[in-house]
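Counting starts at 1 for both ligands and their atoms, in listed order.
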Amino acid sequence: MALLEARGLSVNYGGLYANKDIDLDCHTGKLVGLIGPNGAGKTTFIDAITGFTPVSEGKVTFDGVDLAGVSPDQRALMGLTRTFQSLELFEDLSVRDNLMAAAERPKWHSFLTDIVMPGRNERQFKEQVDWALEIMGLQDRADTLPSDLSHGQRKLISVARALAAKPKLVLLDEPAAGLDTSESQLLGQHLREFLEHDMSLFLIDHDMGLVLNVCDYIYVLDFGKIIAHGTPAEVRADPAVISAYLGES
Ligand code: ATP
């Protein structure tokens, strides 16, 4: 059984199917990618899996639990979290405190909720934060305000913040947007390191090079439907994918 299983998942926005009949698996310790052009339904899929938008048809299970009726907060507590396209950093908190906020509260994007990750203490939260900063190569930036950092470093912080809570699966919404090629490659290396620590990742991004280079398995979305899936080599060689998304190169 996969850690995350979507079966026949559809999301209908007032007659428009943004996701249609999607079957997708994420296995523990793997990095799974989802690619597709603008408007294909990638963010909608993350929204549906994390409970930010309702599923119209189909079923999602996480760690064997049917997620129907489970709130985003509860999903986060189960170890299923996400990042957003907007960075949503706390600009008046240091980098370390940005991560601490998330490590302690899985639903970090709203301090209005008082849900604190159960079963862990302050010292463990600090260890998690130092661990995430180290993997991201941001230890020497821990006491800096986010506004004093480059866009690339700010993106790394937003990703590190999601990972600092050590969830089982993190869905990353375009983490490489706005990064140059070398920054994107560095991000990819950092993501692979997190996988070695019992984490699983799901990635959507417009940077095809990043997705093809770092993912173990890739799904291709077109007008809300999965049109191909396989290893990066299989997806790269798929004629439909080549003509639709990858060009001739
Ligand atoms: P991009 O790469 O540009 O971020 P995407 O692949 O993530 O695109 P989505 O943002 O999921 O695509 O959008 C899929 C389709 O669903 C689009 O036609 C979009 O206009 C529509 N859509 C997205 N969110 C909503 C919503 N809340 N209400 C109605 N339609 C929506």
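Using a 4.5 Å heavy-atom cutoff, the side chains of C26 and V32 are in contact.
Contact shell of ligand 1 (protein heavy atoms, cutoff 4.0 Å): Y13, L16, A18, P37, N38, G39, A40, G41, K42, T43, T44, Q85, E174, H206.
With hydrophobic clusters built from ILVMFWY side chains whose heavy atoms lie under 4.5 angstrom apart, I22 does not share a cluster with Y17.
The one candidate from L34, L210, I218 that meets the side-chain contact (heavy atoms from CB on, under 4.5 Å) condition with L203 is L210.
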Show me the side-chain donor-acceptor pairs of residues 185-194 shorter than 3.5 Å, one per line, residues at least two apart or across chains.
| unit_1 | atom_1 | unit_2 | atom_2 | d |
| --- | --- | --- | --- | --- |
| H190 | ND1 | I135 | O | 2.9 |
| H190 | NE2 | M136 | O | 3.4 |
| R192 | NH1 | V214 | O | 2.6 |
| R192 | NH1 | D216 | OD1 | 3.3 |
| R192 | NH1 | D216 | OD2 | 3.3 |
| R192 | NH2 | D216 | OD1 | 3.3 |

Verdict with reasoning, F84 to F52, per ring pair (Phe, Tyr, Trp, His ring centres under 6.0 Å): CA-CA 11 Å; F84 293 85; F52 283 78; 5.5 Å; yes
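Judged purely by distance below 3.5 Å, without hydrogens or angles, the side chains of D173 and T43 pair a donor atom with an acceptor atom.
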